[in-house]
Trainee: 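Before we start, here is the structure in question, set down as structure tokens.
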Amino acid sequence: MDKLMYSLATENDIAFISETYNENIDKLHGVQRSVDVWKKLLSDKDSTYYLVIAESPVAWFRIDVEDGEVWIGMIQVKPIYQHKGIGKYILSVAEAIAKEKGYRNIGLHTTEDNIAARTLYLSVGYAVTEIGPCR
């Protein structure tokens, strides 16, 4: 994998974000979202979307602030780039962003059946603190 970088996502990135989301929709128990919904989500002041770029975009992630806590709301890697260390890169970036903003803890949400995500989180030291229903 080429050198990875990250940048803030903009409305110009909605097509990539939507495409990658749709490629992973089954793992997310997700629903189709229109361009207008993505525009609204990207403009939410409590969430910040980032792209991960090699030579071109390969992934995106979202950081949320909820009740004064930082949460990684979503990590989406294009399927052809999965299992190449991008998830670990994203977690390290999210931790650096949280630290820079003065937060000491990061939370993650996933579903019980998303084994790939849970394996990633556990492999870098995150712990399961609660298991809830899939929403």
Side-chain angles (χ1 to χ4, degrees):
M1 177 63 46
D2 296 331
K3 181 180 178 196
L4 297 173
M5 301 177 298
Y6 71 97
S7 66
L8 286 172
T10 69
E11 275 193 27
N12 294 333
D13 302 312
I14 288 174
F16 172 79
I17 289 169
S18 178
E19 175 184 294
T20 306
Y21 174 86
N22 288 333
E23 290 172 344
N24 290 294
I25 201 165
D26 290 339
K27 292 178 190 173
L28 303 169
H29 305 285
V31 296
Q32 295 290 329
R33 294 179 173 169
S34 69
V35 169
D36 290 335
V37 169
W38 283 112
K39 284 181 184 179
K40 184 178 178 186
L41 290 170
L42 261 68
S43 67
D44 180 352
K45 300 300 180 215
D46 292 328
S47 298
T48 307
Y49 288 75
Y50 297 88
L51 287 187
V52 176
I53 304 159
E55 289 183 16
S56 61
V58 296
W60 63 270
F61 63 102
R62 184 183 79 218
I63 294 180
D64 300 319
V65 176
E66 297 175 12
D67 299 323
E69 296 180 343
V70 171
W71 290 84
I72 300 174
M74 193 168 291
I75 295 175
Q76 293 298 298
V77 179
K78 288 196 69 64
I80 62 171
Y81 296 110
Q82 292 175 358
H83 308 289
K84 298 186 184 308
I86 295 169
K88 287 182 181 179
Y89 171 79
I90 290 171
L91 291 173
S92 71
V93 166
E95 289 168 0
I97 290 169
K99 185 176 181 180
E100 178 182 297
K101 293 179 182 253
Y103 295 97
R104 296 183 48 163
N105 297 311
I106 293 179
L108 296 156
H109 292 288
T110 191
T111 56
E112 192 170 4
D113 64 338
N114 192 338
I115 303 303
R118 291 181 59 189
T119 300
L120 168 64
Y121 303 150
L122 293 171
S123 76
V124 296
Y126 285 84
V128 175
T129 58
E130 180 180 339
I131 296 177
C134 177
R135 292 184 256 161

Trainee: With the side chain counted from C-beta on, respond yes when I53 and Y6 share a heavy-atom pair under 4.5 Å apart, and no when they do not.
Mentor: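 No, every pair of side-chain atoms sits at 4.5 Å or beyond.
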Trainee: Is a side-chain donor or acceptor of Y21 paired with a backbone partner of V31 at a separation under 3.5 angstrom?
Mentor: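 The answer is yes, because a donor-acceptor pair under 3.5 Å joins these two groups.
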Trainee: Check A59 against I86 and note the closest heavy-atom contact, atom names and distance.
Mentor: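 That would be CB-CG2, 3.8 Å.
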Trainee: Are V93 and V52 packed together at the side-chain level, in the sense that at least one heavy-atom pair is separated by less than 4.5 angstrom?
Mentor: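 Answer no - side chains too far apart.
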Trainee: Could you tell me whether the side chain of R118 and the main chain of E112 form a donor-acceptor pair under 3.5 Å?
Mentor: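 Checking the backbone N and O of E112 against the side chain of R118, a donor-acceptor pair under 3.5 Å is found.
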Trainee: Taking T10's backbone N and O only, do any of them form a donor-acceptor pair with D13's side chain (distance below 3.5 Å, no angle check)?
Mentor: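 Such a contact is found between D13 side chain and T10 backbone.
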Trainee: Examine distances only and state if a side-chain atom of T119 and a backbone atom of I115 form a donor-acceptor pair shorter than 3.5 Å.
Mentor: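 The answer is yes, because a donor-acceptor pair under 3.5 Å joins these two groups.
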Trainee: Please evaluate residues K39 and I14 with respect to the criterion side chain to side chain contact (heavy atoms under 4.5 Å, CB included), reporting the C-alpha separation (whole Å), side-chain torsions for both, the decisive distance (0.1 Å), and the verdict.
Mentor: CA-CA 7 Å; K39 284 181 184 179; I14 288 174; 3.3 Å; yes
Trainee: Determine, stepwise, if the pair Q32 / N22 fulfils side chain to side chain contact (heavy atoms under 4.5 Å, CB included).
Mentor: CA-CA 7 Å; Q32 295 290 329; N22 288 333; 3.2 Å; yes
Trainee: Return the minimal non-hydrogen interatomic distance between D64 and G73, and the atom names on each side.
Mentor: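 Nearest pair, atom of D64 first, then G73: OD2-CA, 3.4 Å.
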Trainee: Hydrophobic cluster membership, with links at side-chain heavy-atom distances under 4.5 Å among I/L/V/M/F/W/Y: are I72 and L120 in one?
Mentor: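 They do share one cluster, since a chain of ILVMFWY contacts under 4.5 Å joins I72 to L120.
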Trainee: Would you indicate whether the side-chain heavy atoms of L91 and Y121 approach each other to under 4.5 Å?
Mentor: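 With C-beta onward as the side chain, the pair touches.
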Trainee: Kindly determine whether K78 and V58 satisfy side chain to side chain contact (heavy atoms under 4.5 Å, CB included), including the steps that lead there.
Mentor: CA-CA 6 Å; K78 288 196 69 64; V58 296; 5.6 Å; no
Trainee: What distance separates S34 OG from K40 NZ, expressed to the nearest 0.5 Å?
Mentor: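 Rounded to the nearest 0.5 Å, the OG-NZ separation comes out at 10.5 Å.
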Trainee: Roughly how far, to the nearest 0.5 Å, is CD of E55 from CE of M5?
Mentor: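 It comes to 9.5 Å.
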Trainee: Applying a strict under-4.5 Å side-chain criterion to I, L, V, M, F, W and Y, I'd like to know whether V124 and V70 cluster together.
Mentor: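 Looking at the clustering, V70 is in the same group as V124.
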Trainee: Rounded to the nearest 0.5 Å, how far apart are CG of N114 and CG of D26?
Mentor: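 Nearest 0.5 Å value for the CG-CG distance: 11.5 Å.
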Trainee: Working to the nearest 0.5 Å, report the span between CG of L41 and CE of M74.
Mentor: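 One gets 8.5 Å once the value is rounded to the nearest 0.5 Å.
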Trainee: Mind running side chain to side chain contact (heavy atoms under 4.5 Å, CB included) on E95 and K99 for me, showing each step along the way?
Mentor: CA-CA 6 Å; E95 289 168 0; K99 185 176 181 180; over 6 Å; no
Trainee: Residues two or more places apart in sequence or in another chain: which of them pass side chain to side chain donor-acceptor pair (under 3.5 Å) with N24?
Mentor: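 N24 satisfies side chain to side chain donor-acceptor pair (under 3.5 Å) with Q76, Q82 only.
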Trainee: Atom CG in L8, atom CG in L42: separation rounded to 0.5 Å?
Mentor: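 It comes to 10.0 Å.
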Trainee: Calculate, to the nearest 0.5 Å, the distance between atoms CD1 and OG1 belonging to I75 and T20 respectively.
Mentor: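 Reported to 0.5 Å precision, the distance equals 13.5 Å.
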Trainee: Considering residues at least two apart in sequence or located in another chain, which fulfil the ring pair (Phe, Tyr, Trp, His ring centres under 6.0 Å) criterion with Y49?
Mentor: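 Checked Y49 against ring pair (Phe, Tyr, Trp, His ring centres under 6.0 Å); matches are W60.
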Trainee: Quick one about D113 and T111 (side-chain donor to acceptor, distance below 3.5 Å, no hydrogens or angles considered), yes or no?
Mentor: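 The criterion, which ignores hydrogens and geometry beyond distance, is satisfied for D113 and T111.
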Trainee: Just jot down the ring pair (Phe, Tyr, Trp, His ring centres under 6.0 Å) partners of Y89, sequence neighbours excluded, or say none.
Mentor: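 By the ring pair (Phe, Tyr, Trp, His ring centres under 6.0 Å) rule, Y89 matches no residue at all.
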Trainee: Any side-chain heavy atom of I90 within less than 4.5 Å of one from Y50?
Mentor: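 No, their side chains stay 4.5 Å or more apart.
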Trainee: Count I, L, V, M, F, W, Y as connected when their side-chain heavy atoms are under 4.5 Å apart, and connections chain through other members. Are V65 and W71 then in the same cluster?
Mentor: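 Looking at the clustering, W71 is in a separate group from V65.
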